[in-house]
Every structure is written in C-alpha cells, then in structure tokens.
Novice: 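Okay, handing you the structure first.
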Amino acid sequence: MNVSTSTLSLTVADVDASREFLTTHLGYQVAMAADGFASLTREDAAVDIVLLGRGTEVLPPEQRDQQAAGLILAFTVTDLAAEEARLRAAGAPITMPLREEPWGERLFQLTDPNGVVVQLVEWVTPGTSETPDTDDARTEQEEAPAVHVISPSDETVTVSPNATMTGLAAPSRGSAELSTWTVEMAAGATGPEHTISREQVWTVTAGSLEVTCDGRTEKVAAGQTVVLPPDLVRRVHAPEAAEAHVAMRADAHATVPGTEGTRTLPWAE
C-alpha cells in the first residue's frame with residue numbers, strides 16, 4: 001500500500017464554525033465547500049480535513065447522527081511557546097495550558113466550537129534549551145521568583161447578566177495548574193444551568209448562595225465551602241447579595257445543556 005495523502009473526516013453539528021476555527025487559528029485553507037461540507041488543506045505535512053454536517057445523507061444511515069467526540073487532532077510543531085502565545089493573543093479557546101510531560105512531550109490543547117480537541121505538540125530532546133541542566137539553567141532558577149503575587153485588575157473582570165467574575169490565578173497570570181477567581185452576585189441573581197469538566201471548590205466569603213447540583217440544593221453561608229464534582233449539571237442562585245472565591249484545575253471547560261460544543265471560562269484562562 002502506498003499512501004499519497006491522508007485525510008481526517010469529522011462529522012460535526014456546525015460545519016461553518018469548525019471551518020472558521022481551523023482557517024482562522026490553524027492556517028487551513030478551504031479546498032472545496034458546499035452546504036454541510038468543507039474540505040480543508042494546508043501546504044505542509046498536516047493532515048487534510050473534511051467536515052461533514054451531522055445528518056448528511058452522504059453518510060450511511062447508521063453514521064448520520066454521530067459526531068466527532070473522544071478524539072484528539074494532534075499536530076507536532078516547532079516553537080510551541082510562540083504558537084501558544086500567538087493563539088492566546090488571538091483569543092483562541094485554549095482549554096489545556098502549556099505543559100511538559102515527564103517523557104519529554106510539551107503540549108497544549110484547544111477545543112473548537114463543536115468540541116473537537118486540537119493538540120499542538122513539541123518533543124523535547126536531552127541537551128536542548130527546553131530541558132536545560134547547565135549552569136544557565138541554575139542561574140535562571142536562582143533568578144526566578146519563589147512566589148508570584150497576583151493583583152486583581154480591570155482587565156481580568158468579566159461581567160455577565162448574573163454575576164461579576166474577577167480572575168486571579170490562571171495560566172495567563174502565572175499559575176501552572178490552577179485557576180482561581182472571585183464571584184459577586186446581586187440578590188436574586190441566578191446563573192444558568194451548566195456543567196464543568198473539572199471539580200470546583202466554592203468558598204462563600206459574604207452573604208449566602210443556594211447551589212443546586214445533580215438535582216440537590218444546598219445553602220452555603222459565608223465561611224462555608226462547597227465542593228462541586230465535575231460533569232454534573234449545576235446552578236447557583238443568590239438569595240441575597242453574595243461573594244465567593246472559586247478554585248479549579250486550569251484546563252476545565254463548560255457545557256450548557258441543550259447546546260453544542262464546549263466553552264472556556266475567560267476569567268480562568
């Protein structure tokens with residue numbers, strides 16, 4: 001068998017959204033397109049991608065209602081840190097921050113509007129600047145601060161119809177693993193139903209909150225903490241003006257029942 005090209009076919013709910021994501025952030029070009037269909041390509045070693053709308057009659061009946069899930073589209077690139085900085089500056093949905101594994105793999109992940117996970121990877125070899133074990137590395141470690149102090153600022157504030165979130169620790173603000181933020185809710189405010197892919201820890205610092213998770217409602221008063229498990233539908237209501245401090249792993253994403261795809265939390269990136 002002689003393979004001349006490789007193509008990955010993805011069935012998605014919104015072809016236009018994935019096409020826009022891939023052309024805007026990952027340099028793909030549209031080779032062909034029609035209603036519910038797009039063929040994308042790049043002028044390098046990247047795999048070609050075909051996007052098919054869910055329900056299209058091009059697919060066998062048993063495949064028409066399926067969609068891309070549980071897969072990772074991985075690209076090995078050069079200068080991974082520069083790519084991460086470029087995508088973050090462009091507002092791309094980075095859902096797992098840059099990290100390095102013990103076996104020498106450096107990577108970060110994005111998630112497109114249809115929930116397709118894209119992973120950018122760079123492999124570290126002994127002796128490179130990425131894994132220094134020289135005097136230069138020791139000097140850098142000595143110069144690096146032992147702690148990183150983060151102050152709230154107007155740039156990290158997100159105002160929604162139901163709450164105001166102020167980002168504190170996050171990958172973009174010095175944290176490698178965790179994101180933390182504060183939440184302020186007016187009396188009577190109720191957030192939307194949603195799920196989060198990682199455990200969250202809420203500590204109420206003023207007022208009280210009513211937290212409904214998996215059909216069970218708990219009242220959490222000032223000074224109390226509630227732990228919300230991942231992937232369970234939850235809703236937060238403020239019977240009185242309230243404030244809370246929230247912590248979770250930095251690679252989490254949110255989903256809203258009845259909608260397609262996942263969402264990032266901009267105050268936690």
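Note that the numbering runs from 1 along the sequence shown for the chain. FYI, side chains are in, hydrogens and waters are out, and symmetry mates aren't considered; it's all heavy atoms of this structure. Small disclaimer: the values here were computed from a predicted structure and weren't measured.
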Novice: Holding to side chain to side chain donor-acceptor pair (under 3.5 Å), I want the full list of residues that pass it with Arg263, two or more places apart in sequence or in another chain.
Specialist: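 Side chain to side chain donor-acceptor pair (under 3.5 Å) check on Arg263 returns nothing, list empty.
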
Novice: Please indicate whether Glu177 has more than 12 foreign heavy atoms, meaning atoms of other residues, nucleotides or ligands, lying under 6.0 Å from its CD.
Specialist: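 For Glu177, atom CD is not crowded (no more than 12 foreign heavy atoms under 6.0 Å).
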
Novice: State whether Arg106 and Glu122 are salt-bridged, where the test is any N-O pair (Lys NZ or Arg NE/NH1/NH2 against Asp/Glu carboxylate O) under 4.0 Å.
Specialist: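 Salt bridge flag = yes for Glu122 with Arg106.
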
Novice: Heavy atoms only: give me the nearest Val233-Pro257 pair and the separation to one decimal.
Specialist: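 Minimum heavy-atom contact is CG2-CG, 4.2 Å.
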
Novice: Please name the pair of heavy atoms, one in Leu80 and one in Leu107, separated by the smallest distance, quoted to 0.1 Å.
Specialist: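 Closest approach of Leu80 to Leu107: CD2-N, 3.6 Å.
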
Novice: Between Val15 and Phe37, is a side-chain contact (heavy atoms from CB on, under 4.5 Å) present by the stated rule, with each step listed?
Specialist: CA-CA 7 Å; Val15 169; Phe37 165 81; 5.9 Å; no

Novice: Could you go step by step and tell me if Thr203 and Val226 meet the side-chain contact (heavy atoms from CB on, under 4.5 Å) rule?
Specialist: CA-CA 6 Å; Thr203 298; Val226 59; over 6 Å; no

Novice: Checking Glu43 now: which residues fulfil side chain to side chain donor-acceptor pair (under 3.5 Å) with it, not counting sequence neighbours?
Specialist: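 Not a single residue meets the side chain to side chain donor-acceptor pair (under 3.5 Å) criterion with Glu43.
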
Novice: Grab the two heavy atoms, one from Ala13 and one from Asn114, that are nearest each other, plus how far apart they are.
Specialist: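 Heavy atoms of Ala13 and Asn114 come nearest at N-OD1, 3.5 Å.
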
Novice: Looking at Asp35, I'd like to know if its CG atom is crowded, meaning that more than 12 non-hydrogen atoms belonging to other residues, nucleotides or ligands lie closer than 6.0 Å.
Specialist: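 Open.
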
Novice: For side chain to side chain donor-acceptor pair (under 3.5 Å), just list the numbers for Thr190 and His237, CA-CA rounded to whole Å, side-chain angles, deciding distance to a tenth of an Å, and then say yes or no.
Specialist: CA-CA 4 Å; Thr190 302; His237 170 70; 2.6 Å; yes

Novice: For residues Ser172 and Glu269, report the shortest heavy-atom separation together with the two atoms involved.
Specialist: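 Nearest pair, atom of Ser172 first, then Glu269: OG-O, 2.6 Å.
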
Novice: Test Met248 against Leu228 for side-chain contact (heavy atoms from CB on, under 4.5 Å), laying out the working first.
Specialist: CA-CA 10 Å; Met248 71 174 189; Leu228 299 180; over 6 Å; no

Novice: How long is the span from the CG atom in Leu40 to the CE atom in Met32, to the nearest 0.5 Å?
Specialist: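 Going from the CG atom of Leu40 to the CE atom of Met32 covers 10.0 Å.
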
Novice: Please identify each residue that fulfils side chain to side chain donor-acceptor pair (under 3.5 Å) with Asp48, with sequence neighbours left out.
Specialist: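 Counting only residues at least two positions away or on another chain, Asp48 forms a side chain to side chain donor-acceptor pair (under 3.5 Å) with Thr41.
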
Novice: Can you name the nearest heavy-atom pair linking Ile150 to Leu168, along with the distance?
Specialist: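 Heavy atoms of Ile150 and Leu168 come nearest at CG2-O, 3.7 Å.
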
Novice: By salt bridge (Lys or Arg N to Asp or Glu O under 4.0 Å), which residues pair with Asp251, not counting sequence neighbours?
Specialist: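 Asp251 satisfies salt bridge (Lys or Arg N to Asp or Glu O under 4.0 Å) with Arg198, Arg249 only.
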
Novice: His25: what forms a ring pair (Phe, Tyr, Trp, His ring centres under 6.0 Å) with it, not counting sequence neighbours?
Specialist: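 Checked His25 against ring pair (Phe, Tyr, Trp, His ring centres under 6.0 Å); matches are Phe21.
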
Novice: Test Trp181 against every option in Leu265, Thr166, Val157 by the side chain to side chain contact (heavy atoms under 4.5 Å, CB included) rule and name the one that passes.
Specialist: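 So the option named by the test is Leu265.
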
Novice: Which atoms form the tightest heavy-atom contact between Ile196 and Ala252, and what is the distance?
Specialist: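 That would be CG2-CB, 4.0 Å.
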
Novice: Show your reasoning for whether side-chain contact (heavy atoms from CB on, under 4.5 Å) applies to Trp202 and Val211.
Specialist: CA-CA 10 Å; Trp202 287 59; Val211 180; 5.8 Å; no

Novice: Is Glu218 salt-bridged to Arg216, cutoff N-O under 4.0 Å?
Specialist: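 Counted as a salt bridge, because a side-chain N and a carboxylate O are separated by less than 4.0 Å.
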
Novice: I'd like to check the side chain to side chain donor-acceptor pair (under 3.5 Å) partners of Ser179; sequence neighbours left out, ordered by chain and number.
Specialist: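 With neighbours one apart ignored, the set is empty.
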
